[in-house]
Amino acid sequence: MAQKISLTRYLVEQQRVDGLIPSQLRLLLEVVARACKSISQAVNKGALGGVLGSADSENVQGEVQKKLDIIANEVLIEANEWGGHLAAMASEEMDSIYLVPNRYPQGEYLLLFDPLDGSSNIDVNVSIGTIFSVLKKPEGSPAVTEKDFLQAGARQVAAGYCVYGPQTTLVLTVGDGVSMFTLDREQGSFVLTHENVKIPEDTKEFAINMSNMRHWDEPVRRYIDECLLGQEGPRGKDFNMRWIASMVADVHRILTRGGIFMYPWDKREPNKPGKLRLMYEANPMSWLVEQAGGAATNGRQRILDIQPGQLHERVSVILGSKNEVERVTSYHSKL
Ligand code: P6P
């Protein structure tokens, strides 16, 4: 039987090979993985742990927070604040950035996360997940401010997610491809189960919330209509649809077997560019998808090239199999 490669061994060996993982970044990734294990334990307890349901509070997005949203946020903050690898953190669940307290050593990295994505699925036992993105603190920056976080996604030094589903799987890139690690609960460690993940360039599967169809812009409507026409239509093939309403789960499927995921701008709130957040949802997922040979745009521009204007800004997201993303993006350019 093939030897099990733990996340720790993988990171140490990668550090030796390509220098993409300096020791402080390796520590950061191991701490985040340990935090995800704790979150997985809390999620798996569900009703038995008294962690389901609403926390009767709202986050900066104006969304009702679930108890597990707050628990996951606290786990990530407490796990990362003392290690000396971070200068500050930012979370979907916190209005402003979190500076590492002065009682702890300051590091050179900035960590951003959606501590529990897909929380509307928590109470109905559907896969959810943690998404994270790592940036470097700008050189010579005295006290870290929100402005230091406002870097394009192309400047990430690491990105990943942990999906809490039938398996708990950590998916990670540091810029040399995508690897997947499945939690071995008997050993209590993440074990390498997929390396050099590749997304097929074509697909027959799209993921979008169809209930919003009447609100979509014309290019998105055209693309989905053509998919629905199937073999008799311009695409000459039938399509399947999936929508889990957990970006982590939908992206994991796409990384595993291909597909296109779309949460586009729509007319419901025309002043909002989209629903999903750029810094800690779209950017990490887009880098993972590109590292696996896929593509990610907002319909007009590569997501990783977008210069953020504010920490919690939203973006239209079209990502997945390269040829499909390019097709949807080309429909936008014909506007
Ligand atoms: P809707 C979860 O709340 C989330 O941010 C993503 O994980 C998911 O893809 C999307 O929103 C689901 O949105 O409008 O279909 O409930």
Side-chain angles (χ1 to χ4, degrees), residues 36 39 43 52-55 57-73 90-94 112-133 153 159-165 169 171 205-217 220 224 241-256 259-270 272-289 294 296-299 303 311-320 325 328:
C36 289
I39 295 168
V43 168
L52 300 185
S54 164
S57 55
E58 278 193 359
N59 64 15
V60 64
Q61 329 288 341
E63 295 164 337
V64 173
Q65 289 177 305
K66 301 281 192 176
K67 288 177 191 165
L68 268 173
D69 284 324
I70 295 173
I71 292 168
N73 193 62
S91 166
E92 180 190 74
E93 300 303 330
M94 301 188 297
L112 303 94
F113 47 82
D114 179 354
L116 206 57
D117 171 70
S119 30
S120 64
N121 283 322
I122 293 173
D123 296 348
V124 295
N125 199 14
V126 170
S127 298
I128 48 184
T130 297
I131 309 172
F132 62 92
S133 170
Y161 62 81
C162 191
V163 55
Y164 312 117
T169 302
V171 181
E205 197 161 65
F206 65 84
I208 194 167
N209 183 336
M210 293 293 285
S211 69
N212 300 326
M213 179 178 263
R214 64 189 182 284
H215 306 303
W216 296 337
D217 210 352
V220 172
I224 296 295
M241 193 212 93
R242 287 284 183 275
W243 187 250
I244 304 176
S246 273
M247 185 186 197
V248 172
D250 280 315
V251 170
H252 192 72
R253 184 190 59 255
I254 287 167
L255 281 169
T256 306
I260 181 170
F261 170 95
M262 302 165 76
Y263 210 115
W265 171 92
D266 69 43
K267 301 177 185 118
R268 286 176 294 171
E269 296 184 85
K272 273 188 190 173
K275 171 178 184 181
L276 301 179
R277 292 77 174 183
L278 174 62
M279 297 301 295
Y280 39 78
E281 291 177 334
N283 275 344
M285 292 311 206
S286 297
W287 198 28
L288 285 163
V289 163
T297 75
N298 64 358
I303 283 178
L311 188 61
H312 297 291
E313 80 179 57
R314 298 169 187 263
V315 67
S316 172
V317 177
I318 297 160
L319 61 76
V325 173
V328 179

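Just so it is clear, the values below take in all heavy atoms, side chains as well, and ignore hydrogens, waters and symmetry mates. In each ligand, atom 1 is the first atom listed, and ligand 1 is the first ligand listed.
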Notebook entry, point to check: Hey, is CZ on Arg268 packed in by over 12 heavy atoms from elsewhere, all under 6.0 Å?
Noted result: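 Above 12, so yes.
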
Next item on the list: Taking ring pair (Phe, Tyr, Trp, His ring centres under 6.0 Å) as the test, write out the residues that go with Tyr161, two or more places apart.
Entry: His252

Note to self: For Phe261, give me all partners under ring pair (Phe, Tyr, Trp, His ring centres under 6.0 Å), at least two apart in sequence or on another chain.
What the structure shows: Trp243

Would you mind listing each N/O atom of ligand 1 next to any protein N/O under 3.5 Å, plus the distance?
{"from": "ligand 1", "atom 1": "7 (O)", "to": "Asp117", "atom 2": "OD1", "distance (Å)": "2.8"}
{"from": "ligand 1", "atom 1": "7 (O)", "to": "Asp117", "atom 2": "OD2", "distance (Å)": "2.9"}
{"from": "ligand 1", "atom 1": "7 (O)", "to": "Met247", "atom 2": "N", "distance (Å)": "2.7"}
{"from": "ligand 1", "atom 1": "9 (O)", "to": "Met247", "atom 2": "N", "distance (Å)": "3.4"}
{"from": "ligand 1", "atom 1": "11 (O)", "to": "Lys275", "atom 2": "NZ", "distance (Å)": "3.1"}
{"from": "ligand 1", "atom 1": "13 (O)", "to": "Lys275", "atom 2": "NZ", "distance (Å)": "3.0"}
{"from": "ligand 1", "atom 1": "14 (O)", "to": "Tyr263", "atom 2": "OH", "distance (Å)": "2.6"}
{"from": "ligand 1", "atom 1": "15 (O)", "to": "Asn209", "atom 2": "ND2", "distance (Å)": "2.8"}
{"from": "ligand 1", "atom 1": "15 (O)", "to": "Trp243", "atom 2": "NE1", "distance (Å)": "2.9"}

Next item on the list: Kindly write out the residues that satisfy side-chain hydrogen bond (donor to acceptor under 3.5 Å, both in side chains) with Ser133, not counting sequence neighbours, or none if the list is empty.
Entry: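 Counting only residues at least two positions away or on another chain, Ser133 forms a side-chain hydrogen bond (donor to acceptor under 3.5 Å, both in side chains) with Gln156.
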
Margin query: Tell me whether Asp117 contacts the main-chain N or O of Met247 through its side chain, where contact means a donor paired with an acceptor under 3.5 Å.
Written below: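 Flag set: sc Asp117 to bb Met247 pair under 3.5 Å.
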
Notebook entry, point to check: If you measure from OG1 on Thr297 to CD1 on Ile318, what distance do you get to the nearest 0.5 Å?
Noted result: 4.5 Å

